[in-house]
Amino acid sequence: MAITASMVKELRDSTGAGMMDAKKALTENDGDMEAAVDWLRTKGLAKAAKKSGRTAAEGLVAVKVEGGHGVAVEVNSETDFVGKNADFQKMVAGIADVAVSVSDVDALKAADMGGKTVEQTVTDAVAVIGENMSVRRMATVDGETVVSYVHNAAAPGMGKIGVLVAMTGGDDAFGKQVAMHIAAVNPASLSEDDLDPAVVEKEKQVQMDIARESGKPEQVIEKMIVGRMKKYMSEVTLLNQSFVVNPDLTVGDAAKEVGATITGFVRLEVGEGIEVVKEDFAAEVAKAAKG
């Protein structure tokens, strides 16, 4: 596979590796970006990649809480300008209202919204506003108490990042602090038990490969891995992370201090995981001229 300059740049941006190291990593792994990241980490040439937070698409995430049930919905648009459009915001708020009563995004698209389905409502809005839009995903959480938070709010209850926290005990003020922590730190899961075993095993293997590069004996490496995996868990699981409000405590310990138990959370960020292919201006003009 041909390794392009844009691929090298993408890998450098995500890992902090040097240009030649990034190119070699891609070459060694036939252009596989994920494998190239692992290769760089094994060689000690890259930092651990955090959960992807690339936001190539635009739009809004809206959150809605009714009693012990919370829902977050992402509605995408092509440009950031639409996210500031009052008609678009009104539509997104209406979609969030409907989402409270459905179980998944397919049911949401088919649900009634003022005499039309949500999907038809969005289609009609495309014709009016002049941009492609879509209801991309939704997530729910249930608990004794559910607290919501929106980061970079464009309007009440909607913005670039929407967070829901479910808990027993505690109060709304503490729940809001936890939600703000989640928005900022982006944990992969609530606790170790909720982490995908395949993800954990992959990280353990990467750490083993890194340790073996040091040339230390296998029994020493095994002890090193225990410490490194403990550190990894403290970085990616909410309850084990240092609380941004008080870094001397983990989030789990902070919850205990106020008599709360965090039972679940949802975090949606606009465009997370979506990749849009961008052509440079010269290429775009050349393409248009040929057409």
Could E272 and R136 be called an ion pair, given the rule that one side-chain N must be under 4.0 Å from one carboxylate O?
no

Is there a donor-acceptor pair closer than 3.5 Å between any side-chain N or O of T237 and the backbone N or O of S234?
no

Hey, quick one: are V63 and M138 part of the same hydrophobic cluster, counting side-chain heavy atoms closer than 4.5 Å, chains of contacts allowed?
no

Ignoring hydrogens, what is the shortest heavy-atom contact between G175 and V165? Give both atom names and the distance.
O-CG2, 4.1 Å

Given side chains that start at C-beta, do those of F265 and V141 come closer than 4.5 Å, heavy atoms only?
no

Distance (rounded to the nearest 0.5 Å) between F243 CZ and F174 CZ:
5.0 Å

Are V244 and L249 linked, directly or through intermediate hydrophobic residues, by side-chain heavy-atom contacts shorter than 4.5 Å (ILVMFWY only)?
no

Interatomic distance, NZ@K23 vs CZ@R12, rounded to 0.5 Å, equals 12.5 Å

Heavy atoms of A96 and A62 approach each other most closely as CB-CB, 3.9 Å

Evaluate the side-chain contact (heavy atoms from CB on, under 4.5 Å) criterion for residues Y232 and K204: first the C-alpha distance (whole Å), next the side-chain angles of each, then the deciding distance (0.1 Å), finally the verdict.
CA-CA 9 Å; Y232 170 73; K204 186 176 180 180; over 6 Å; no

Would T121 and M91 satisfy side-chain contact (heavy atoms from CB on, under 4.5 Å), going step by step from the backbone distance to the final call?
CA-CA 8 Å; T121 300; M91 180 185 73; 4.2 Å; yes

I161 to A183 - nearest heavy-atom pair and separation:
CD1-O, 4.0 Å

Step by step, would you call E269 with E74 a side-chain contact (heavy atoms from CB on, under 4.5 Å)?
CA-CA 8 Å; E269 182 171 351; E74 178 184 359; over 6 Å; no

Give a yes or no on this: more than 12 heavy atoms of other residues, nucleotides or ligands lie within 6.0 Å of atom CE of M113.
yes

Applying side chain to side chain donor-acceptor pair (under 3.5 Å) between E131 and each of N85, T79, N76, report the one that passes.
T79

Considering only NZ, NE, NH1 and NH2 on the basic side and carboxylate oxygens on the acidic side, decide whether E222 and K216 come within less than 4.0 Å.
no

Could you tell me whether the side chain of H69 and the main chain of V100 form a donor-acceptor pair under 3.5 Å?
yes

Looking at K176 and D172, is there a salt bridge between them, counting it only when a charged N and a carboxylate O are closer than 4.0 Å?
no

Got a second to check how far I262's CD1 is from L239's CG, nearest 0.5 Å?
5.5 Å

With side chains defined as the heavy atoms from C-beta onward, is the minimum distance between V75 and L60 less than 4.5 Å?
no

Between Q120 and D124, is any pair of side-chain heavy atoms under 4.5 Å apart?
yes

For D21 against L40, the heavy-atom pair lying closest together
O-CD2, 3.7 Å

Partners meeting salt bridge (charged side-chain N to carboxylate O under 4.0 Å, His left out) with K84 (sequence neighbours left out)
D80

Exactly one of R41, K230, R228 clears salt bridge (charged side-chain N to carboxylate O under 4.0 Å, His left out) with E203, and that residue is R41

Do K160 and E58 come close enough that some side-chain heavy atom pair is under 4.5 Å?
yes

Just how far is it from atom CG of N186 to atom NE2 of H181, taken to the nearest 0.5 Å?
10.0 Å

Test log, rule side-chain contact (heavy atoms from CB on, under 4.5 Å), inputs V200 and M229:
CA-CA 9 Å; V200 176; M229 289 307 293; 3.8 Å; yes

Give a yes or no on whether V73 and V150 share a hydrophobic cluster (residues Ile, Leu, Val, Met, Phe, Trp, Tyr; joining criterion: side-chain heavy atoms under 4.5 Å apart).
no

Please confirm whether the backbone N or O of T168 pairs with a side-chain atom of T261, one donor and one acceptor, at under 3.5 Å?
no

Partner residues of K202 under the salt bridge (charged side-chain N to carboxylate O under 4.0 Å, His left out) criterion, sequence neighbours left out:
E34, D38

Do V122 and S134 make a side-chain contact, defined as non-hydrogen atoms from C-beta onward lying under 4.5 Å apart?
no

Would a hydrophobic clustering, with Ile, Leu, Val, Met, Phe, Trp and Tyr connected at side-chain separations under 4.5 Å, put V163 with M158?
no

Considering only heavy atoms from C-beta outward, does the side chain of L108 approach that of V98 to under 4.5 Å?
yes

When rounded to the nearest 0.5 angstrom, what is the spacing between CD1 in I95 and NZ in K90?
13.0 Å

Using side-chain heavy atoms (C-beta onward) and a distance below 4.5 Å, is V146 in contact with D142?
no

NZ (K109) with more than 12 external heavy atoms under 6.0 Å:
yes

Mark yes or no for whether Q241, through its side chain, and T250, through its backbone, hold a donor-acceptor pair below 3.5 Å.
no

Would a 4.5 Å heavy-atom cut-off, applied to side chains only, mark M180 and V245 as touching?
no

With hydrophobic residues grouped by side-chain heavy-atom distances under 4.5 Å, do V135 and F88 end up in a single group?
yes

Can you tell me how far CG of L164 sits from CZ of R267, rounded to the nearest 0.5 angstrom?
12.5 Å

Shortest non-hydrogen contact between D196 and A198, atoms and distance
OD1-N, 2.9 Å

Polar side chain donor-acceptor pair, D194 to S191, under 3.5 angstrom:
yes

Judged by atom type as modelled, is there a donor-acceptor pair below 3.5 Å linking the side chain of E78 to the main-chain atoms of N132?
yes

Identify the two heavy atoms, one from A125 and one from M133, that lie closest to each other, and give their separation to 0.1 Å.
O-CE, 3.8 Å

